[in-house]
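Report on the following structure.
Computed over heavy atoms, backbone and side chain alike; hydrogens, waters and symmetry mates excluded. Note that the structure is predicted; figures quoted are calculated from it, not measured.
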Amino acid sequence: MNKYTFSSKKKDRKKAIRSIIQLIIIVILIYIIVISLSSFNKYIPFEDSERSQTKDGFIAISYFGVDRTGNGSLISKKKLDEHMQALKASGYVTITQDDIKNYYLNNKPLPPRSLFLMFEDGRKDTAVFAQKVLEKYNYKASILTYAQNLQTKSSKFLSAKELPFLLKKSFWEPGTNGYRLSYINVFDRHGNFLNQLDSNEYEGLSAYLDRNYNHYLMDYVRDEYGIPMEDFGEIQKRISYDYKMMQDIYEESIGKMPGLYALMHSNTGRFGTNDRVSEVNKKWIYELFDMNFNREGNSRNLLDSSIYDLSRIQPQSYWSANHLLMRIWDDTKQDMAFVSGDLNKKKEWNTLFGESEFVDDVIILTSLPEDRGLMFLKNSEEFKDIDLSVTLNGNKAGSQVIYLRADKDLDQYISVQIINNVLHIFEKKYGGEKEKLFSLDLDVHDEIVFQSMGENKLESEMQYLKTKIKYASNPKEAKRFLSALDNKRHMEIKDTVEEDEKYIPKIDISEQASRLLKINLKGDSLSVYIDNKKVFEDMEVSILDPGYIGLESSFSGYGYSQKNLSDDVYDGIFKELIIKEEPGQILYSNKLTSFEKIKYDINVIWEKTIDWFIKYL
């Protein structure tokens with residue numbers, strides 16, 4: 001045997017060993033995934049002896065959907081678990097649709113801390129990833145679907161074959177959001193009349209819409225001037241068609257109509273934005289359903305509520321567990337088991353307002369409703385000259401503050417604040433008013449070049465045509481929209497050169513942000529950097545006394561939401577807070593230790609690996 005043959009066999013042996021190891025890893029991962037997605041448990045209802053109250057009613061919580069890692073409006077499996085754990089620790093037990101019916105129709109008592117749980121839109125990923133969480137906490141939920149989606153071949157939504165399979169598991173009950181998700185009387189933000197959009201078209205155009213549209217069942221179909229394009233007889237026929245189709249599909253797929261309905265959109269004060277339309281919806285709702293969730297924003301439902309006008313809150317994917325508990329506390333005024341996280345890290349701080357949670361290298365400071373959260377670092381009253389760095393990960397709409405050289409009552413301080421994407425520097429002296437030293441729009445700091453209104457308007461019009469081409473019902477229709485799109489492309493330069501007004505997007509309450517903030521305070525000199533870019537250096541300050549380091553998060557007013565959601569609680573998120581004395585000595589650090597960082601990185605890699613296999617296998 002020559003050396004080349006030996007070398008070749010050695011390489012083949014290494015390759016075989018590597019392949020075996022890879023196969024073993026794949027088998028292990030597949031086993032873990034299968035086990036994690038399998039269900040063997042049974043829901044255990046609460047005992048009848050636990051029924052002890054009628055005056056406190058129940059709370060209702062509804063999620064848009066669940067994803068393994070979270071995505072936009074979909075909450076991650078991990079965060080859903082955190083929410084459910086916090087609810088369980090606060091004493092909540094789930095009730096069923098029958099419990100609600102008996103509560104309202106027969107005055108039958110409920111357990112203390114009754115929770116009605118819903119997942120809307122009927123997504124497959126919700127069914128997969130919420131299942132294990134429900135099992136873990138012995139919680140039961142209603143899965144709401146759109147009847148039309150049950151008949152379509154979709155990778156997103158449960159089908160008519162899959163829904164009955166899910167309902168065989170004892171953790172689920174059926175509900176419905178209606179026949180279809182569709183929009184009428186739609187205008188883009190520039191006043192262009194888009195008429196009617198289905199859910200796919202809406203998704204493709206949502207970046208160019210504000211809130212000037214309506215749901216299919218809420219109003220007359222109108223022209224661009226607001227004049228109805230149908231008479232009352234026609235609207236009765238159109239709305240009735242949806243309810244009849246819904247009824248046929250559910251009876252065919254699961255053998256009955258769901259007893260639970262959530263009318264889209266909520267908060268109209270009736271069953272539509274138009275009185276006569278509301279009467280048509282009311283007729284069908286009362287005829288077909290046992291109950292209707294008609295409002296959003298308040299979690300609590302009491303005995304004097306109507307069973308057809310129930311209310312729910314819809315937690316967003318970015319809410320911390322304390323955010324959810326704070327909203328429920330505000331609705332019910334009952335004590336909650338707020339989450340603290342790492343108690344060793346928490347004990348280094350005094351939390352005066354709101355609630356604080358310490359997770360890894362993150363401090364989450366949740367404000368009180370329509371108010372603030374405030375905390376001070378213990379033993380920092382003599383801090384004077386410091387270098388401070390922190391990444392602020394709270395949403396853009398809201399306020400996050402760093403207090404320097406502050407007294408306990410905030411009668412004196414220097415503050416660095418980012419509120420609604422604007423940086424402010426303030427000083428307050430004993431007996432004086434708060435004085436603004438500096439202000440900077442961070443869009444200016446980022447040197448963002450905004451489109452003109454004309455450019456954005458043209459872009460919106462072109463996107464509308466592209467969307468119509470993508471979802472055209474036939475080649476002739478697609479060709480017509482394609483011709484219009486070609487004409488728009490030729491108009492681009494001519495229509496925008498004379499337009500000077502800038503299009504500056506509204507900040508949505510759900511819009512996330514991340515800012516690395518660095519502060520140097522020495523003597524009477526303050527320097528600030530954001531995202532490693534200088535804001536200013538050596539600004540003169542007049543407060544020279546040492547004082548506390550403080551953190552604040554606060555609600556900044558009911559901001560814009562395209563989905564028309566309102567929220568008066570804010571999570572300030574302070575990541576990797578490091579405070580050094582001017583010569584370089586570390587006074588405080590929330591950064592992970594080397595060992596913690598290794599564990600954290602391994603977990604991240606593991607989660608990403610599982611995600612990859614779930615996505616591609």
Phe232, CZ atom: more than 12 neighbouring heavy atoms under 6.0 Å | yes
Roughly how far, to the nearest 0.5 Å, is the CG atom of Asp371 from the OG atom of Ser553?
-> 9.5 Å
Taking the side chain as every heavy atom from C-beta outward, state whether Ser154 and Asn149 have any pair of such atoms under 4.5 Å apart.
-> no
Evaluate side chain to side chain contact (heavy atoms under 4.5 Å, CB included) for Asp567 paired with His323, printing each intermediate quantity in order.
-> CA-CA 10 Å; Asp567 187 17; His323 193 132; 2.8 Å; yes
Heavy-atom closest pair (Leu302 atom, Tyr104 atom, distance to 0.1 Å) is O-OH, 2.8 Å
salt_bridge(Asp188, Lys457) N-O dist < 4.0 Å | no
Side-chain donor-acceptor pair present, Glu135, Gln131, cut-off under 3.5 Å | yes
May I have the step-by-step check of side chain to side chain contact (heavy atoms under 4.5 Å, CB included) for Gln53 and Leu110, ending in yes or no?
-> CA-CA 5 Å; Gln53 62 86 17; Leu110 297 171; 3.6 Å; yes
Note, Phe289 side chain near Trp284 side chain (heavy atom, < 4.5 Å) = no
Is the CD atom of Glu252 crowded by more than 12 outside heavy atoms at less than 6.0 Å?
-> no
Is a side-chain donor or acceptor of Asn292 paired with a backbone partner of Leu263 at a separation under 3.5 angstrom?
-> yes
Does Asn281 use its side chain to pair, donor to acceptor, with the backbone of Leu217 at less than 3.5 Å?
-> yes
Could you label the plane-to-plane angle of the Tyr43 and Phe171 rings as parallel, tilted or perpendicular, counting under 30° as parallel and over 60° as perpendicular?
-> perpendicular
Between Asp121 (side chain) and Arg123 (backbone), is there a donor-acceptor pair under 3.5 Å?
-> no
Side-chain donor or acceptor of Ser317 paired with backbone N/O of Gly70 under 3.5 Å | no
Verify the distance criterion only: is there a donor paired with an acceptor across the side chains of Asp98 and Thr96 at less than 3.5 Å?
-> no
Tell me yes or no: between the side chains of Tyr208 and Asn456, is some donor less than 3.5 Å from an acceptor?
-> no
Note: Ala130 and Val66 closest approach over all heavy atoms is CB-CG2, 4.2 Å
When rounded to the nearest 0.5 angstrom, what distance separates CG in Asn177 from CE in Met264?
-> 6.0 Å
Any donor and acceptor pair, going by atom type alone, linking the side chain of His83 with main-chain N or O of Trp319 inside 3.5 Å?
-> yes
Check: Gln316 main-chain N/O paired with Tyr63 side-chain donor or acceptor under 3.5 Å = no
Has Glu47 got more than 12 heavy atoms of other residues, nucleotides or ligands less than 6.0 Å from its CD?
-> no
More than 12 heavy atoms from other groups under 6.0 Å of CG on Leu105 | yes
Face-on cation placement of Arg113 at Tyr92 ring, 6.0 Å and 45° thresholds | yes
Gap between atom CG of Asn212 and atom CZ of Arg189 - 0.5 Å precision | 12.0 Å
May I ask you to check whether Asp81 and Tyr137 show a side-chain donor-acceptor distance below 3.5 Å?
-> yes
Count the heavy atoms of every other residue, nucleotide or ligand shown that sit under 6.0 Å from CG of Asn474, and state whether that count exceeds 12.
-> yes
Search all heavy atoms of Pro258 against all heavy atoms of Tyr250 and return the closest pair with its distance.
-> CD-CG, 3.5 Å
Ignoring hydrogens and geometry, is there a side-chain-to-backbone donor-acceptor pair from Arg51 to Pro109 under 3.5 Å?
-> yes
Are Arg276 and Ile235 close enough that some pair of their side-chain heavy atoms sits under 4.5 Å apart?
-> no
Do any N or O atoms from the side chain of Tyr103 and from the backbone of Thr54 form a donor-acceptor pair under 3.5 angstrom?
-> yes
Side chain to side chain contact (heavy atoms under 4.5 Å, CB included) between Thr126 and Phe64, intermediate numbers included = CA-CA 9 Å; Thr126 295; Phe64 292 110; over 6 Å; no
So do the side chains of Asn421 and Glu511 get within less than 4.5 Å of each other, counting heavy atoms only?
-> no
How many angstroms lie between atom CG of Asn322 and atom OG of Ser340, to the nearest 0.5 angstrom?
-> 7.5 Å
Between Asp99 and Ser114, a side-chain donor and acceptor under 3.5 Å | no
Could you verify whether a donor N or O on one side chain and an acceptor N or O on the other, from Asn192 and Glu461, lie under 3.5 Å apart?
-> yes
Quick check: does any side chain N or O of Thr176 sit under 3.5 Å from a backbone N or O of Tyr261, one acting as donor and the other as acceptor?
-> no
State whether the number of non-hydrogen atoms from other residues, nucleotides or ligands found under 6.0 Å of Lys476 atom NZ is greater than 12.
-> no
Is Leu87 close to Ile328 at the side-chain level, that is, under 4.5 Å between some pair of heavy atoms?
-> yes
Minimal non-hydrogen separation, Leu158 against Lys124, with atom names = N-CG, 3.7 Å
Classify the angle between the aromatic ring planes of Phe116 and Phe293 as parallel (below 30°), tilted (30 to 60°) or perpendicular (above 60°).
-> parallel
Establish, from distance only, whether the side-chain atoms of Glu357 and Ser320 form a donor-acceptor pair under 3.5 Å.
-> no
Any chance you could measure Asn294, atom CG, to Arg312, atom CZ, to the nearest 0.5 Å?
-> 8.5 Å
Between Asp125 and Arg68, is the closest basic N to carboxylate O distance under 4.0 Å?
-> no
Test item: Glu234 side-chain N/O and Asp231 main-chain N/O as donor-acceptor pair under 3.5 Å = yes
Nearest 0.5 Å, what's the CD1-CG distance between Ile184 and Leu194?
-> 13.5 Å
Should Lys283 and Glu279 count as an ion pair when the cut-off is N to O under 4.0 Å?
-> no
Kindly give the heavy-atom pair with the smallest separation between Ser253 and Leu150, and that separation in Å.
-> OG-CD1, 3.9 Å
Taking the side chain as every heavy atom from C-beta outward, state whether Tyr216 and Gln196 have any atom pair closer than 4.5 Å.
-> yes
For Phe338 and Thr366, what are the C-alpha separation, side-chain angles and deciding distance, and is it a side chain to side chain contact (heavy atoms under 4.5 Å, CB included)?
-> CA-CA 10 Å; Phe338 288 104; Thr366 301; over 6 Å; no
Is the Tyr286 ring parallel, tilted or perpendicular to the Tyr308 ring (thresholds 30°, 60°)?
-> parallel
Inspect the contact between Glu203 and Lys156 and indicate whether a charged nitrogen and a carboxylate oxygen are less than 4.0 angstrom apart.
-> yes
Any side-chain heavy-atom pair of Glu355 and Met336 under 4.5 Å = no
Leu325 and Ala337: which non-hydrogen atoms are nearest, and at how many Å?
-> CD1-O, 3.4 Å
Could you point out which residue of Phe187, Tyr202, Phe193 forms a ring-ring contact (aromatic ring centres under 6.0 Å, His included) with Tyr213?
-> Tyr202
Are any non-hydrogen side-chain atoms of Asn395 and Asp571 less than 4.5 angstrom apart?
-> no
